[in-house]
Amino acid sequence: MRKFIDVAKKAGLDGFMLALLSMILLAWLWPAPGMQDSPLHLSTVSTYAVSVIFFFYGLRLSPEKLKAGLVNWRLHLMVHLSTFVLFPVLALAFRSFFQGEEGQTMWLAIFFLTVLPSTVSSSVVMVSIARGNIPAAIFNASISSLIGVFITPLWMGLVLDSGTGHFDLLSVVGKLAMQVLLPVFAGIVLNSRWGHFAERYKKYIRYFDQSSILLIVYTSFCESFGEHLFDSLGIKEIVFLGIGMLALFFGIYFLLTFISGLLHFNRQDKVTAVFCGSKKSLVQGAVMSKVLFAGPEAGLMLLPIMLYHALQLITASIIAQRMAREAEVAEDFILKK
């Protein structure tokens, strides 16, 4: 139990998830400060904070790391096909099970989750714990965030176009490029000069990242509660949604394990494939929800990714610990021989 708690802390599960829940509760009790017409303009502040997050992210990403990661192309292709093709195809396959306007709205929120890029920090942490290919994990998670700026709006454009008839893809990609890509590339360019600063103070930068996400979650849910979008959701619906998110995670996890075996990946690459290919980014979800779903819908669209984020950390922590123990046993056996 103590080991599991330590892993959960490294993944940012305990305090951050409690803070997220606190933000939702605060938005329910006191939504006024986070509304669009609030004099505090918290939504605007969170938009600028997002750009700072990705600037620091780029500042820690050197061009040398990106070049070194290009070698293992089969692993990279598998991870990105899982992230941007396998996930959304599974969601599309289950669309008919969601009936009525409310059901389709929930399905749209789930589909939004499935087209998001992989998360960076927890993917690398889990791969490290399970003794996988860490450089490949860093490369895949980093590239996934950049690819997502283009692929996620493309997928959402296909769905929203068919449902609403008004979705300006170029405008969405332009906004995301300004908020995400431009700061990332600026950080990469300045890596040689200021990269050591970002590495030295990465702990404090992480606190800033999390605080910005908390602000985005608060403002998004303020709008949703203010417009009474959650009135039709009860405990039963949230529990069923959580079960669905667990089923989605394990479905992808076992599929990637099976495909890794068919491709004859070594143990380290298999670990990287299953963890990087099964993760979804709450950071990118929060950022893109502000652009794709401006208004009260943003909070509802964040509900599946928040549940998936929490559950993926718990389950992946347990799996990573088991993999680490298996690796230790195998190493001891080889040494004894």
> Would you indicate whether the side-chain heavy atoms of Ser82 and Leu256 approach each other to under 4.5 Å?
yes
> Measuring from Phe275:CZ to Met323:CE, what's the distance to the nearest 0.5 Å?
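That separation rounds to 4.5 Å.
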> What is the minimum heavy-atom distance between Met106 and Pro304, and which atoms define it?
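Where Met106 meets Pro304 most closely, the heavy atoms are SD-CG, 4.4 Å.
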> Indicate the ring-plane relationship of Trp107 and Phe111, choosing parallel, tilted or perpendicular according to the 30° and 60° boundaries.
parallel
> Taking transitive links into account, so neighbours of neighbours count too, which hydrophobic residues share a cluster with Val189 at under 4.5 Å side-chain distance?
none
> State yes or no: do Val239 and Phe250 share one hydrophobic cluster built from I, L, V, M, F, W and Y residues joined by side-chain heavy-atom distances below 4.5 Å, directly or via other members?
no
> Identify whether Met178 and Val52 are in the same connected component of the hydrophobic contact network (ILVMFWY, side-chain heavy atoms under 4.5 Å).
no
> Got a second to check how far Ile110's CD1 is from Thr105's OG1, nearest 0.5 Å?
11.0 Å
> Can you name the closest pair of heavy atoms from Gly148 and Met288 and give their distance?
O-CE, 3.3 Å
> Within this structure, what is the CZ-CH2 distance for the pair Phe84 and Trp155, rounded to the nearest 0.5 Å?
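One gets 11.5 Å once the value is rounded to the nearest 0.5 Å.
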> Test side-chain contact (heavy atoms from CB on, under 4.5 Å) on Leu113 and Leu248 and set out the steps.
CA-CA 11 Å; Leu113 153 71; Leu248 177 62; 4.0 Å; yes
> Start with the C-alpha gap between Met156 and Leu108, add the side-chain angles, then the distance that decides, and say whether side-chain contact (heavy atoms from CB on, under 4.5 Å) holds.
CA-CA 9 Å; Met156 295 306 298; Leu108 183 63; 3.8 Å; yes
> Just to verify, which of Leu182, Val287, Leu181, Thr152 counts as forming a side-chain contact (heavy atoms from CB on, under 4.5 Å) with Leu176?
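That would be Val287.
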> Return the CZ to CD1 distance between Phe254 and Ile259, rounded to the nearest 0.5 Å.
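Nearest 0.5 Å value for the CZ-CD1 distance: 13.5 Å.
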> Specify the closest pair of heavy atoms between Val79 and Ala273, including all atoms of both residues, with the distance to one decimal.
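So the two residues come closest at CG2-CA, 4.0 Å.
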> Identify the two heavy atoms, one from Met78 and one from Leu263, that lie closest to each other, and give their separation to 0.1 Å.
SD-CD1, 4.1 Å
> Which heavy atom of Ser118 sits nearest a heavy atom of Ser281, and at what distance?
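So the two residues come closest at O-CB, 3.7 Å.
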> Using the ring of each side chain (for Trp, its six-membered ring), is Phe249 parallel, tilted or perpendicular to Tyr253, with breaks at 30° and 60°?
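Ring orientation of Phe249 relative to Tyr253: parallel.
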> Check whether any side-chain heavy atom of His80 sits under 4.5 Å from a side-chain heavy atom of Ile151, and report yes or no.
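SC-SC contact between His80 and Ile151 ruled out.
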> With sequence neighbours left out, which residue pairs that include part of residues 251-265 fulfil the salt bridge (charged side-chain N to carboxylate O under 4.0 Å, His left out) condition?
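Of all non-adjacent pairs touching residues 251-265, none passes salt bridge (charged side-chain N to carboxylate O under 4.0 Å, His left out).
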> If every non-hydrogen atom of Gln284 is compared with every non-hydrogen atom of Pro117, which pair is closest and at what distance?
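For Gln284 versus Pro117, the nearest heavy atoms are CG-CG, 3.5 Å.
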> Tell me whether Tyr201 at atom OH has more than 12 heavy atoms from other residues, nucleotides or ligands lying less than 6.0 Å away.
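No, not enclosed.
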> If you measure from NE2 on His309 to CE on Met245, what distance do you get to the nearest 0.5 Å?
14.5 Å
> Tell me, do Gln312 and Thr119 make a side-chain contact under 4.5 Å, heavy atoms counted?
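Sidechains of Thr119 and Gln312: in contact.
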> Please report the interatomic distance OG(Ser144) to CZ(Phe139), rounded to the nearest 0.5 Å.
11.0 Å
> Is the CG atom of Leu262 crowded by more than 12 outside heavy atoms at less than 6.0 Å?
yes
> Ignoring hydrogens and angles, tell me if any N or O in the side chain of Ser278 forms a donor-acceptor pair with the backbone of Ile252 under 3.5 Å.
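Between the backbone of Ile252 and the side chain of Ser278 there is no qualifying donor-acceptor contact (under 3.5 Å).
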> Heavy atoms, side chains only, cut-off 4.5 Å: are Val184 and Val149 in contact?
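No, every pair of side-chain atoms sits at 4.5 Å or beyond.
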> Output all residues satisfying side chain to side chain donor-acceptor pair (under 3.5 Å) with Arg322, sequence neighbours left out; order by chain, then residue number.
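Applying side chain to side chain donor-acceptor pair (under 3.5 Å) to Arg322 gives Glu326.
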> Is there a side-chain contact (heavy atoms from CB on, under 4.5 Å) between Leu190 and Phe55 once you walk through the steps?
CA-CA 10 Å; Leu190 294 171; Phe55 171 73; 3.9 Å; yes
> Please check this pair: side chain of Arg267 against backbone of Arg131, looking for a donor-acceptor N/O pair closer than 3.5 Å.
yes
> Side-chain contact test, heavy atoms from C-beta onward, threshold under 4.5 Å: evaluate it for Tyr218 versus Pro33 and give yes or no.
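Yes, side chains in contact.
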> Can you list the steps and then say if Ile319 with Val274 is a side-chain contact (heavy atoms from CB on, under 4.5 Å)?
CA-CA 10 Å; Ile319 294 169; Val274 296; over 6 Å; no
> Pick one: which of Asn266, Asn140, Asp269, Thr272 meets side chain to side chain donor-acceptor pair (under 3.5 Å) with Asn133?
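It is Asp269; the other options fail the test.
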> Within the distance-only criterion (no hydrogens, no angle test), does the side chain of Lys280 pair as donor or acceptor with the backbone N or O of Gly285 below 3.5 angstrom?
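Not at all, since once roles are kept as given, no pair shorter than 3.5 Å links the two residues.
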> Could you state whether Leu77 and Val89 fall into the same hydrophobic cluster, counting links through intermediate Ile, Leu, Val, Met, Phe, Trp or Tyr residues with side-chain heavy atoms under 4.5 angstrom apart?
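Hydrophobic grouping puts Leu77 with Val89.
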> Are Thr114 and Leu90 close enough that some pair of their side-chain heavy atoms sits under 4.5 Å apart?
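The answer is no; the side chains never approach within 4.5 Å.
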> Are Phe150 and Leu292 linked, directly or through other ILVMFWY residues, by side chains that come within less than 4.5 angstrom of each other?
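Phe150 clusters together with Leu292.
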> Side chains of Leu282 and Leu116, heavy atoms from C-beta outward: is any pair under 4.5 Å?
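Answer no - side chains too far apart.
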> Do Val115 and Phe94 belong to the same hydrophobic cluster, where Ile, Leu, Val, Met, Phe, Trp and Tyr are linked whenever their side-chain heavy atoms lie under 4.5 Å apart, directly or via other members?
yes
> Please tell me if the side chains of Gln99 and Gln104 come closer than 4.5 Å, counting only heavy atoms from C-beta onward.
no
